[in-house]
Amino acid sequence: MTEPDLPSPPWRPASPRRPRAARPPLSRDQIVEAGLRIVAAEGVEAASMRRVAAEFDTGPSSLYAHVANRDELLDLMFDRACAGIEIPEPDPARWPEQVKQMARDGYTRLMDYRDLARAALSTVPTGPNALRITEGMMAVLLAGGVPPRIAGWALDRIFLYMVAEVYESSLRQASIEATGKDPEQYFAHWVEQLAGYYESLPPEHFPNLHHHAREITGGGGDERFLFGLDLIVDGLARYVQTPAKRSTGTA
């Protein structure tokens with residue numbers, strides 16, 4: 001039986017109510033950082049508005065004064081993940097290495113946030129940090145003699161390659177973690193199985209896969225990323241114009 005809510009006797013003073021401590025106001029920066037912590041630990045799917053709000057012991061409505069919706073939050077989180085990437089002073093003699101270094105830094109930075117990279121695959125990041133990187137890389141390419149249109153296309157391809165590599169890595173990481181096994185040992189065993197499968201193929205039908213299985217499956221993710229980056233950036237050298245051609249506008 002539920003106890004009735006009785007009034008206090010008039011001769012007994014009412015118990016003083018303690019005022020509830022006011023919560024400090026939220027900021028957009030706090031919300032973004034909380035979202036990044038969740039993504040780094042559990043992935044993008046875990047970073048719902050409700051989950052981020054729970055980090056502050058509040059409800060999702062408290063977030064909407066700072067971010068319009070989850071899509072905007074993901075955009076802000078991705079841009080924050082791009083912060084801290086150093087933009088070099090353009091050096092025409094070193095432009096390939098400068099471009100590669102920025103891409104390597106971006107790859108390393110995004111790898112800390114699992115599948116957050118997928119938030120950038122369906123849009124063009126236009127946050128302040130993303131724009132700073134885009135402007136900086138464009139300046140390096142132009143200083144090296146890459147024509148503006150080719151430089152713009154190259155930016156798109158380099159960025160797509162970097163983000164796709166990070167996203168693929170996050171998918172592989174998630175599938176390995178789901179097994180509960182040691183990631184390095186599991187991946188090494190998987191590569192060995194793949195190489196063994198190629199070697200088991202009938203050589204009369206698949207001679208190259210059969211004979212070169214170890215070469216095909218060798219190398220880790222980081223090593224392969226750097227190899228692909230070399231292919232893209234070194235291939236831009238064919239488009240570099242001499243100062244004379246740039247001054248006349250010759251293609």
Side-chain angles (χ1 to χ4, degrees), residues 32-48 50-52 54-55 70 73-74 77-86 97 99-122 125 133 157-234:
V32 171
E33 290 296 333
L36 286 175
R37 289 194 300 271
I38 294 171
V39 168
E42 303 174 44
V44 164
E45 287 300 327
S48 65
R50 183 176 299 279
R51 175 66 185 282
V52 174
E55 292 290 301
R70 185 171 183 267
L73 177 57
L74 291 178
M77 288 161 56
F78 181 85
D79 194 69
R80 181 67 57 83
C82 293
I85 297 175
E86 184 177 351
E97 179 53 37
V99 171
K100 292 176 186 178
Q101 185 60 56
M102 281 188 279
R104 288 194 296 265
D105 289 348
Y107 171 82
T108 301
R109 177 75 172 158
L110 290 176
M111 285 290 284
D112 291 335
Y113 296 104
R114 294 178 174 254
D115 54 348
L116 179 62
R118 86 181 197 192
L121 288 174
S122 61
I133 296 168
R157 297 297 92 182
I158 292 169
F159 182 81
L160 177 60
Y161 172 64
M162 178 181 68
V163 171
E165 278 284 323
V166 174
Y167 183 41
E168 181 188 47
S169 177
S170 74
L171 294 177
R172 183 168 57 247
Q173 178 186 3
S175 63
I176 293 175
E177 288 181 351
T179 68
K181 299 179 180 179
D182 178 79
E184 291 188 8
Q185 292 180 1
Y186 181 91
F187 185 68
H189 179 64
W190 181 83
V191 171
E192 180 63 29
Q193 285 184 314
L194 180 61
Y197 173 73
Y198 284 159
E199 288 175 332
S200 72
L201 295 174
E204 64 272 19
H205 295 294
F206 305 98
N208 293 308
L209 294 178
H210 175 85
H211 292 296
H212 303 292
R214 301 293 160 172
E215 289 85 352
I216 294 171
T217 58
D222 292 348
E223 187 177 2
R224 286 171 175 255
F225 169 76
L226 296 177
F227 170 75
L229 186 61
D230 284 344
L231 289 180
I232 296 173
V233 178
D234 293 349

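Annotation: the span from Gln185 atom CD to Ile176 atom CD1 amounts to 11.5 Å, rounded to 0.5 Å. Here the CD1 atom belonging to Ile133 is positioned 3.5 Å from the CD1 atom belonging to Ile85, to the nearest 0.5 angstrom.
Nearest heavy atoms, Leu116 versus Met77: CD2-O, 3.8 Å. Here the closest non-hydrogen pair linking Phe225 and Tyr161 is O-OH, 2.7 Å. Taking all atoms of both residues into account, the shortest heavy-atom contact from Val39 to Ala47 is CG2-CB, 3.8 Å. Leu74 and Ala119 make their closest contact through CB-CB, 4.1 Å (heavy atoms, listed as atom of the first residue, atom of the second, distance). Residues Ala81 and Leu110 share a closest heavy-atom pair of CB-CD2, 4.0 Å. Between Gln101 and Arg104 the shortest heavy-atom distance is OE1-NH2, 2.7 Å.
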List the atom pairs, with distances to 0.1 Å, where a side-chain N or O of residues 187-199 and a protein N or O form a donor-acceptor pair under 3.5 Å, not counting sequence neighbours.
unit_1	atom_1	unit_2	atom_2	d
His189	NE2	Gln193	NE2	3.4
Glu192	OE1	Arg214	NH1	2.8
Glu192	OE2	Arg214	NH1	3.1
Glu192	OE2	Arg214	NH2	3.2
Glu199	OE1	Arg214	NH2	3.0
Glu199	OE2	Arg214	NE	3.1

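A donor-acceptor contact shorter than 3.5 Å is absent between the side chain of Thr108 and the backbone of Asp105. Between the Ser169 side chain and the Val166 main chain, no donor and acceptor come within less than 3.5 Å of each other. Between the side chain of Asp115 and the backbone N or O of Arg118, no donor-acceptor pair lies under 3.5 Å.
Under the side-chain hydrogen bond (donor to acceptor under 3.5 Å, both in side chains) criterion, Tyr107 pairs with Asp222, not counting sequence neighbours. Not counting sequence neighbours, the partners of Glu177 by the side-chain hydrogen bond (donor to acceptor under 3.5 Å, both in side chains) test are Arg114, Gln173.
The shortest side-chain heavy-atom distance between Lys100 and Asp234 falls under the 4.5 Å cut-off. Contact check for Leu160 versus Leu121: side-chain heavy atoms found under the 4.5 Å cut-off. Using a 4.5 Å cut-off on side-chain heavy atoms (C-beta onward), Val44 and Tyr113 make no contact. Inter-residue side-chain proximity for Arg109 and Cys82 is flagged as unmet; no heavy-atom pair is nearer than 4.5 Å.
Ionic pairing of Arg51 and Glu45 is not present here: no N-O contact between side-chain nitrogen and carboxylate oxygen is shorter than 4.0 angstrom.
Counting heavy atoms of neighbouring residues, nucleotides and ligands inside a 6.0 Å radius, atom CD of Glu86 does not exceed 12 of them. Annotation for Glu204: atom CD counts as buried by contact number, over 12 foreign heavy atoms lying within 6.0 Å.
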